[in-house]
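Written below as structure tokens is the structure these notes are about.
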Amino acid sequence: MEQDDSVLRIEFNNTKPIELVDLTMSFTALAEFFKDYANVRTGDPRPDNLRLYVKEIKSGSVIADLIAVAEQAQWLMDHKEVFAGFVANTNELVNYFLGRAPAKAKDSEPTVRQARQIAQFVEPVAKDFGSQLNMNVMEGGIVHVHQHHYFNINGMEANAIQNSVSRFLGPQLPSSQFLSDQMMTLEQVKNAAAAKTGDRGIIESVYSKPVRLRFASEEAKKRVLDLHENPFECVFLVNVEVRSAAGKPALYHILEVTDVIRPETD
């Protein structure tokens, strides 16, 4: 294992006792968030090589000094640089959910995993409006006060972050639900009734993006294929089982195509 004297200090400056389960889940989310960051940003070819470990828990408020330890020795970046980048990344994520700094591009928006991690990390502070969460980078016992090495939010901000994350994630779908008379359009479809893969469609009332289709029978799929009109210009009324994972639809099981709404002709 390899480590240096850089420390990531986390301080929960609370006014009420912190429930142990909240603190444990907060640190778990932080550890996963850091591991994901290190995997993407450090260029280390070994997944999960750099992880956070507890060096010391101090008295007073909940103060934890965390160190980064690499399982394999050939490390490419100074740990202080990794910590600084991680703190800056956390600031960007928090500012996004507080509406201070919108993502510059669609592909730079937070992921669902990141949203859940930051909401869980700030949980102890969100429950205590008089509290504060600080995170900073230390080296050799010296706190670095540069903006990229320092992060802090209060209880009201933590609560606002969680509310924003809830809106970002949207309503969570059940793992399976049956819906009738749903309007579906096609995004792509295999021109064979027996084909079991390659079909994707959109049901706007459920989810705005294309989702994999699986037809319950060849007869159901023939209702889509056996048309004089272009099926991509039609709207299909379907009875469907929506199967979801992580709160989002992963599969539309098309049980029956009950009607076809054809494009209007002049």
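What's counted below: heavy atoms across the whole structure, side chains too, no hydrogens, waters or symmetry copies.
- Taking a cutoff of 4.0 Å between a charged side-chain nitrogen and a carboxylate oxygen, Asp65 and Lys55 do not qualify as a salt bridge.
- Leu213 and Leu251 make their closest contact through C-CD1, 4.1 Å (heavy atoms, listed as atom of the first residue, atom of the second, distance).
- For Phe83 and Phe34, the gap between ring centers is short of 6.0 Å.
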Notebook entry, point to check: Passes ring pair (Phe, Tyr, Trp, His ring centres under 6.0 Å), Phe97 versus Phe168? Steps please.
Noted result: CA-CA 9 Å; Phe97 285 114; Phe168 176 82; 5.4 Å; yes
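- Side chains of Gln182 and Ser205: a donor on one and an acceptor on the other come within 3.5 Å.
- Within a 6.0 Å radius of CG in Asn230, more than 12 heavy atoms belonging to other residues, nucleotides or ligands are found.
- Under 4.0 Å is where a charged nitrogen must lie from a carboxylate oxygen, and between Arg223 and Glu219 no such pair does.
- Donor-acceptor pairing under 3.5 Å is recorded for the side chains of Thr15 and Asp128.
- Contact check on Glu56 versus Lys58 returns a salt bridge, with a Lys/Arg side-chain nitrogen under 4.0 Å from an Asp/Glu carboxylate oxygen.
- Under a 4.0 Å N-O distance rule, the pair Asp36/Arg113 qualifies as a salt bridge.
- Glu11 and Gln132 share no side-chain donor-acceptor pair at under 3.5 Å.
- When all heavy atoms of Lys190 and Gly198 are compared, the pair lying nearest together is CG-CA, 4.1 Å.
- By the 4.0 Å N-to-carboxylate-O rule, Arg214 lies too far from Asp199 to be salt-bridged with it.
- Atom CG in Leu66 sits 6.5 Å away from atom CG in Leu30 (nearest 0.5 Å).
- Across Glu218 and Ala194, no two heavy atoms sit closer than the pair OE2-CB, 3.6 Å.
- Applying the side chain to side chain donor-acceptor pair (under 3.5 Å) test to residues at least two apart or on different chains, the pairs with a partner in residues 241-257 are Ser176-Glu241, Asn239-Glu256, Glu241-Arg243, Glu241-His253.
- Summarising the geometry, atom CZ belonging to Phe121 is positioned 4.5 Å from atom CG belonging to Leu133; distances are rounded to the nearest 0.5 Å.
- Nearest heavy atom pair, residue Ile153 against residue Val125, reads O-CG1, 4.4 Å.
- The pair Lys35-Glu32 counts as a salt bridge, with a side-chain nitrogen and a carboxylate oxygen less than 4.0 angstrom apart.
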